[in-house]
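In what follows, a single structure is set out as structure tokens and then discussed.
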Amino acid sequence: GPAMKEQKTTKWSNFNPLCLARHVLRNLWMTVLAGLICVMAVYLLQTLVSKPSYDSQVTFAVTSRSASATASGSIAVTPYSRGGGRSGELLQSNPVRTAAAAEMGLNAFPGTCSVDVPENTNILILTVTAPTPELAFRGALAVMDCYEAYADFILASAVLNPINGPTLPSQPSAQASRDRLLRLAGPIGALAMIAVLLLLAVSQETVQTVPGARDQLDTKLLATLRHERKRGALLQNKKSALLISDPTCSFYYTETVHQLRAQVERAHEKDGRQVFLVTSCAENEGKSTVAANLALSLAQKHQRVLLLDADLRKPAQSLIFSASPAPGTDLGYLITHRPDREALEKAIVRDEATGLSHLYAAPLRRSQSEALSPDSFRPLLDALRESYSYILIDTPPFSFFADAEVLADAADAAILVVRQDLVPAAVVNDTIDDLNAAHAALLGCVLNNYQSFHFGSRLGGDCSRL
């Protein structure tokens, strides 16, 4: 039968809370905008759909008609229902409202009447609700003036005595709830956007954790280079990279680079690998810095190590080492002009302090962008193989330019640099497939610029065993 498709399950160990938080913070403007949009939407709905109403209240005391009660000033307290019994019916009756409307000079009463009785009291509160403060006040006043004409027919043993009101409303009756809804709209909209951003961050499935790199990627994890803060970065060039030759570089970062070097040495000694490609899926993953540090680490142990910058569109090694290749000595010129051995040796710059040899690149003009081809690069690389034990090539991003594929076919081995939380794992795996199809053997990947809330073992704990 057909093979069953493997069901994809979400592993929470693949997600780093710090990466998710950064994703939300990077899009903080969207969160603020969502909150403002919700506030505006609620305000417009309240303004256009919900018409404001105003309440004017009159408070009555229900007293007995008996002469003795009147003389003594006592009040007959009787339990009333929520609607005020017959007294409430009187104040809300159609005759009273019709008479009140006539007194106001209107054809119909401009609002509604409701009655409330506080529990265990003989107090009765009449509320007149109308579209404007003036109509509410005048309506309550008219009811007060008109109800007595009907009281004798409806109320046999009680008298309604107004003790307070009518009140003149200063704000809509539901203003408090409207304001509360407006105050809640902003946070609710912001929280909804944060939920959407977190869902998007999870759905992108970038490589965020060490277990995630092992689980999501179809290659070996060679090392995990933690984020290293450049000390004195404000005084340095922002383009400068952190090198292990810098005294401010931490011991942990340097040791992880040395562990990566050991795996390159093993590939060299065991399988005779000599030319190593350092590439990435996309830009800004730190491949040039990894290549530079790996070359420096190799140069500390070996005499003949060359770092070749083959990124002819955005060369970075000259910026990292603060060098300016002389005209006619950059890789682009050498490829297009087929130099002899003497010109090639003159183009290579050796740093006596680190023992590392460099072959820098200068940006090619657009018309020369296709200069790098197997026919033009292989003779140059063959000549370099005779002079150096280790050749590290810094390439363009593998997913963007065909140059990287040409270099991968010419090299012996490849190392893929994957920056934390930048490229979806599916895209990284596509690049891994392309590298596996090339001549260069893919040694594995380096998880770069790794940050986490939980540091665990800082030395070696994030590197695969040698």
Side-chain angles (χ1 to χ4, degrees), residues 32 34-63 75 77 80-151 154-155 158-190:
V32 174
L36 292 175
I37 289 174
C38 276
V39 170
M40 291 176 62
V42 170
Y43 177 77
L44 288 174
L45 284 174
Q46 289 179 345
T47 303
L48 300 176
V49 178
S50 175
K51 296 181 179 179
S53 59
Y54 297 84
D55 292 343
S56 179
Q57 293 185 332
V58 183
T59 305
F60 295 90
V62 184
T63 60
I75 296 176
V77 179
Y80 287 97
S81 64
R82 196 70 179 163
R86 298 187 65 81
S87 300
E89 293 175 5
L90 168 65
L91 295 175
Q92 300 175 85
S93 64
N94 285 331
V96 172
R97 287 191 298 160
T98 302
E103 182 167 322
M104 296 172 66
L106 301 173
N107 294 327
F109 192 71
T112 60
C113 297
S114 60
V115 173
D116 187 37
V117 178
E119 190 174 358
N120 296 325
T121 70
N122 67 323
I123 300 299
L124 187 147
I125 301 174
L126 169 68
T127 302
V128 176
T129 303
T132 66
E134 179 190 6
L135 286 175
F137 177 77
R138 288 178 56 202
L141 199 60
V143 170
M144 285 179 61
D145 293 341
C146 298
Y147 82 91
E148 291 183 355
Y150 302 90
I154 298 177
L155 304 179
V159 177
L160 291 176
N161 295 314
I163 58 175
N164 187 28
T167 58
L168 181 62
S170 59
Q171 63 179 14
S173 55
Q175 187 64 39
S177 61
R178 290 161 64 95
D179 291 345
R180 184 166 57 253
L181 186 59
L182 274 177
R183 286 194 297 269
L184 290 174
I188 289 174

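On a predicted model such as this, the values are computed, not experimentally measured, just so you know. This chain uses plain numbering: 1 for the first residue, then up along the sequence.
In plain terms, the two heavy atoms of A140 and P166 that are nearest each other are CB-CB, 3.6 Å. Of all non-hydrogen atoms in F60 and M144, the two that sit nearest each other are CZ-CG, 4.2 Å. Closest non-hydrogen pair, L135 versus P131, comes out as CD1-CD, 4.3 Å. A pairwise comparison of heavy atoms in P162 and Y147 identifies CD-OH, 3.7 Å as the closest pair.
Between Q57 and the options T129, N164, T127, a side-chain hydrogen bond (donor to acceptor under 3.5 Å, both in side chains) holds for only T127.
Put simply, CZ on R138 and CG on D145 are 11.5 Å apart, with the number rounded to the nearest 0.5 Å.
Remark: side-chain polar atoms of S56 are paired, donor with acceptor, to backbone N or O of T167 under 3.5 angstrom. Between the side chain of D116 and the backbone N or O of I125, no donor-acceptor pair lies under 3.5 Å.
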Throw together a table of side-chain donor-acceptor distances under 3.5 angstrom for residues 95-114, partners on residues two or more places apart or in other chains.
from, atom 1, to, atom 2, distance (Å)
R97, NH2, N94, OD1, 2.6
T98, OG1, N94, O, 2.8

Would you tabulate the side-chain donor-acceptor contacts of residues 38-48 under 3.5 Å, counting partners in other chains and residues two or more places apart, or write 'none'?
from, atom 1, to, atom 2, distance (Å)
Q46, NE2, R178, O, 3.3
T47, OG1, Y43, O, 2.8

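Taking 4.5 Å as the limit, every side-chain heavy atom of V58 sits out of range of all side-chain heavy atoms of L91. Inter-residue side-chain proximity for I123 and T59 is flagged as met; some heavy-atom pair is nearer than 4.5 Å. Two residues are said to be in side-chain contact when any heavy atoms from C-beta on lie closer than 4.5 Å; L160 and V62 meet this criterion.
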